[in-house]
Amino acid sequence: MGGAQEPPAPAAPLLIACALGIERFALRTGRTGGVQGPGPVSIIRSGMGPRAAENAVRTALGQHGAKGAAVIASGFCAGLEPGMHPGDLVVAEETRDAGGTTACTGTGLMVDALVRVVPGRTVHTGPLAGSGHVVRGPERAGLRATGAIAVDMESAATLRTAVRTGSRPVAAVRVVVDAPEHELVRIGTVRGGISAFRVLRAVLPAFHEWHRSLLLPRR
């Protein structure tokens with residue numbers, strides 16, 4: 001008789017990092033559609049800015065059980081391209097800031113999942129810029145000239161820190177809360193902010209699908 005089989009290794013966890021309490025609230029209370037991730041899921045609030053994101057992600061990935069975790073940076077962003085609208089989705093092909101460039105994993109998988117989960121919403125793909133402050137006016141035009149399609153303060157730092165702590169899949173998915181023709185002053189006080197919040201509440205099943213797809217054996 002053969003020996004007892006080893007139990008299957010637990011699936012790698014998924015860490016979702018966002019900066020604001022309202023972003024974490026949207027992700028934690030949003031619909032799941034009955035979809036469960038292949039491994040444990042943690043949603044952390046890092047606080048605003050690159051340094052806060054670095055510290056929070058490094059701490060989270062250093063905890064017991066976080067080895068090999070996939071990491072998604074999520075929340076709101078500012079769109080840079082004309083024609084973008086609040087509630088549009090941005091899936092980064094890479095994140096970039098003064099600290100360097102980080103390539104994202106499975107961008108096509110994430111786009112496909114979002115199209116299924118949030119039908120009717122426009123999904124943009126391209127480079128996502130990082131900034132240490134809120135970007136407005138002419139500075140947005142300068143970032144757009146570099147090829148970036150959107151900007152936020154934490155995604156680049158989040159993903160850079162994640163890959164420096166170990167080999168792992170990373171992604172950045174943001175919801176446009178304001179754009180060149182739809183500049184927002186305060187989240188939640190105008191229709192654009194509410195629209196972005198509702199979209200963010202809907203994306204979690206797509207994150208689970210992306211995570212599961214990455215764990216499937218490749219043929």
Side-chain angles (χ1 to χ4, degrees), residues 16-33 35 41 43-50 52-53 71-93 95 104 107 110-131 133-137 139-141 143-144 148-159 171-210:
I16 303 170
C18 54
L20 304 176
I22 191 173
E23 296 168 332
R24 186 169 186 255
F25 178 77
L27 289 163
R28 291 189 68 182
T29 62
R31 67 174 186 260
T32 64
V35 177
V41 178
I43 303 174
I44 65 168
R45 176 188 175 186
S46 68
M48 290 183 64
V71 174
I72 298 175
S74 194
F76 303 126
C77 70
L80 299 176
E81 293 191 325
M84 282 184 162
H85 295 86
D88 285 1
L89 285 150
V90 171
V91 180
E93 294 175 340
T95 58
C104 295
T107 298
M110 184 69 83
V111 170
D112 290 345
L114 287 167
V115 168
R116 285 189 289 271
V117 168
V118 198
R121 288 292 176 179
T122 301
V123 182
H124 306 268
T125 60
L128 177 60
S131 174
H133 56 274
V134 175
V135 176
R136 298 194 181 280
E139 194 172 1
R140 288 192 184 187
L143 286 172
R144 182 181 172 229
I149 63 169
V151 58
D152 75 87
M153 295 172 64
E154 295 83 25
S155 291
T158 293
L159 300 198
V173 179
R174 293 277 170 171
V175 181
V176 174
V177 75
D178 67 345
E181 295 95 344
H182 304 273
E183 195 159 294
L184 180 68
V185 176
R186 187 176 301 166
I187 292 173
T189 60
V190 297
R191 185 175 300 172
I194 296 170
S195 175
F197 177 83
R198 288 174 176 167
V199 173
L200 191 60
R201 289 194 72 194
V203 299
L204 193 58
F207 293 176
H208 290 323
E209 186 175 331
W210 171 84

Quick check: does any side chain N or O of [X] sit under 3.5 Å from a backbone N or O of [Y], one acting as donor and the other as acceptor?
X: H85; Y: G83; answer: yes
X: E154; Y: A73; answer: no
X: R144; Y: I149; answer: no
X: E93; Y: T125; answer: no

So which heavy atom on [X] is nearest to which on [Y], and how close?
X: M110; Y: A206; result: SD-O, 4.2 Å
X: V151; Y: G130; result: CG2-C, 4.4 Å
X: L200; Y: S74; result: CD1-OG, 3.7 Å
X: A19; Y: R45; result: O-CG, 3.2 Å

Which distance, rounded to the nearest 0.5 Å, do you find between the [atom1] of [X] and the [atom2] of [Y]?
X: M153; Y: S46; atom1: CE; atom2: OG; result: 10.0 Å
X: L114; Y: L89; atom1: CG; atom2: CG; result: 5.5 Å
X: C18; Y: R174; atom1: SG; atom2: CZ; result: 8.0 Å
X: D178; Y: M84; atom1: CG; atom2: CE; result: 11.0 Å
X: F207; Y: I43; atom1: CZ; atom2: CD1; result: 9.0 Å

Min side-chain heavy-atom separation [X]-[Y] under 4.5 Å:
X: V71; Y: T158; answer: yes
X: L20; Y: M48; answer: yes
X: V177; Y: C77; answer: no
X: F76; Y: D152; answer: no

Exercise. Knowing that exactly one of I16, I72, L27 qualifies, which makes a side-chain contact (heavy atoms from CB on, under 4.5 Å) with V41?
Worked result: I16
